[in-house]
> 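To start, I am sharing the structure in question, which I have written as structure tokens.
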Protein chains: 2
Amino acid sequence: MPSGECRGQGWWHGKFRGCGYRLTLGREAILDILSKAEGHLSAEDIYIKVHPKYPNIGLTTIYRTLDVLSNLGMVYKLDFGDGRARYELAEGPKGAHHHHHLVCTGCNRVVDYTDFIDEEVELLQQTEKGLGKKYNFKINNHVIQFYGLCDKCSGNK
Amino acid sequence: MPSGECRGQGWWHGKFRGCGYRLTLGREAILDILSKAEGHLSAEDIYIKVHPKYPNIGLTTIYRTLDVLSNLGMVYKLDFGDGRARYELAEGPKGAHHHHHLVCTGCNRVVDYTDFIDEEVELLQQTEKGLGKKYNFKINNHVIQFYGLCDKCSGNK
DNA sequence: CTCCTTAATGAAAATGGTTTCCATTATTAA
DNA sequence: TTAATAATGGAAACCATTTTCATTAAGGAG
């Protein structure tokens, strides 16, 4: 329970300080929410979850913090095609397992899957290396997502 | 050169009519632009290209048409993370080759690559089949993209 | 070819997620 | 404690996209 710890002792302490960022209550609160919730929170979702405990943290700060975290590589910014960005904590110290996303275009439900991940990751790494060399890119991220209709939504129509 | 043909004779004629859509000048113009341009046009890009020839086609129509085309599967709607959607013609009758995208997060340049596509496609199909069965999804689309810095942009910093 | 139904359209206004502005507050190094 | 400046909140701005609504035009029926 990171929020219960002494200020500045969280696992992200080092990362922040190392990059010249200040450690603030708002940032702690946001990281706390992200590490408790399981995946796919929008900025507003986070705002709503943070608000009861810290009513004076504004939506602007949420966006700014998520931007910082995203740049630090501590958070993934996801797009499921519904017009709002989602955020999930990148692997923390406990090493959340690598996964990709399966999105229902009917109800926007998102399934995290880990099946085939090993093969995927292997191919991705090869491709990344090959593309990087051929096109002179310094590749540092990728997206794989599948879109379809879940059983409910494909049944409904 | 589709636009030179008699109205209603384009290769998309059948698709439109079959789905109850009417064939209009605007739609023809937009498809024409898309088939001439090579990839990645935003709605505004298309608007600007269409405008000289058809000054009375509004941006709204562009959006509406792209939506129809996208639903028909004739156009892919792409997101490169810069806040505006891009569109490219799905494989036409001449069979544009399947490709994926490599995006520079520095200058937003996009490289279409076909390297490793065969392996990718094979893995994707397997994964698609496996996921579809396991999670009861009717998968009908996927996204693979790599993000990084091109040589210019990684050199600049 | 003409008429009629209704899909398609354009212009303007609305929408809504995200960003910017700016005066105020709070963190951190000295 | 103090000074320098990063971070903040609220309001306003932004801007791609969507909606509204009155008008136009595609295409089947006759």
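The figures here come from the full heavy-atom set of this structure, side chains too, leaving out hydrogens, waters and symmetry mates. Just so it is clear: chains get the letters A, B, ... in the order the sequence lines come, proteins before strands, and each one is counted from 1.
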> Is A:R84 touching bases, backbone alone, or none of the nucleic acid, heavy atoms closer than 4.0 Å?
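Touches sugar-phosphate only.
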> Expressed as a whole number of angstroms, how long is the span from B:E28:CD to D:dA25:P?
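For the pair B:E28 CD and D:dA25 P, the rounded distance is 15 Å.
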> Could you check whether A:D115 pairs with B:K134 (Lys NZ or Arg NE/NH1/NH2 to Asp/Glu carboxylate O, under 4.0 Å)?
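Yes.
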> Over how many whole Å does the gap from A:K77 atom NZ to C:dT19 atom P extend?
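Taking NZ of A:K77 and P of C:dT19, I get 5 Å after rounding.
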> Heavy-atom distance under 4.5 Å between the side chains of A:Q126 and A:L124, does that happen here?
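Result no, sub-4.5 Å side-chain heavy-atom pair not found.
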> Can you tell which of D:dA7, C:dT18, D:dT19 lies closest to the side chain of A:Y21?
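Output: D:dA7.
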> Counting heavy atoms from C-beta on, name the nucleotide in C:dT18, C:dA11, D:dA26 closest to the side chain of A:A85.
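Among C:dT18, C:dA11, D:dA26, the one nearest the side chain of A:A85 is C:dT18.
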> Starting at atom CG of B:D79, determine the distance to atom P of C:dG17, rounded to an integer number of angstrom.
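Nearest whole value for this atom pair: 16 Å.
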> In whole Å, what is the span from the CZ atom of A:F16 to the P atom of C:dT28?
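Whole-Å distance recorded here is 11 Å.
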> With nearest nucleotides of DNA chain D determined for B:R22 and A:Y47 from heavy-atom distances, which residue corresponds to the more 5′ nucleotide?
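Result: A:Y47.
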> Would you mind reading off the distance between B:L25 atom CG and C:dA8 atom C1', rounded to a whole angstrom?
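Whole-Å distance recorded here is 12 Å.
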> If I take atom CD1 in residue B:I62 and atom C1' in nucleotide C:dA11, what distance separates them, rounded to the nearest angstrom?
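Between C1' of C:dA11 and CD1 of B:I62: 14 Å.
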> Select from A:R64 and B:G26 the residue whose nearest nucleotide in DNA chain C is closer to the 5' end of that strand.
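First, find each residue's nearest nucleotide; the 5'-ward one identifies B:G26.
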> Side chains of A:Y113 and A:E120: do they bring a donor and an acceptor to under 3.5 Å?
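Yes.
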> Measure from CG on B:D67 to P on C:dA8 and round the result to the nearest Å.
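Computing the B:D67:CG to C:dA8:P distance gives 12 Å.
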> Any side-chain N or O of A:T24 below 4.0 angstrom from OP1/OP2 of D:dT8?
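Yes, A:T24 has a side-chain N/O under 4.0 Å of OP1/OP2 on D:dT8.
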> Give a yes or no on whether a salt bridge exists between B:K138 and A:D151, defined as a side-chain N under 4.0 angstrom from a carboxylate O.
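Looking at B:K138 and A:D151, the cut-off is not met.
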> Reckon A:R27 has a side-chain N or O less than 4.0 Å from the OP1 or OP2 of D:dA6?
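So the side chain of A:R27 is outside the cut-off, no N or O lying under 4.0 Å from OP1 or OP2 of D:dA6.
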> Please determine, for the side chain of B:A43, which listed nucleotide (D:dT17, D:dT8, D:dA26) has the closest atom?
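Out of D:dT17, D:dT8, D:dA26, the nucleotide with an atom closest to B:A43's side chain is D:dT17.
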> Side chains of B:H40 and B:D45: any donor to acceptor distance under 3.5 Å?
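Side chains of B:D45 and B:H40: no pair found under 3.5 Å.
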> From the list D:dT18, D:dA26, D:dT8, which nucleotide is the closest neighbour of the side chain of A:T65?
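Nucleotide nearest to A:T65's side chain: D:dT8.
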> From D:dT17, C:dT28, C:dT18, pick the nucleotide closest to the side chain of B:Y63?
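From the listed options, D:dT17 comes nearest.
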> To the nearest Å, give me how far apart CG (B:L23) and P (C:dT6) are.
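Nearest whole value for this atom pair: 21 Å.
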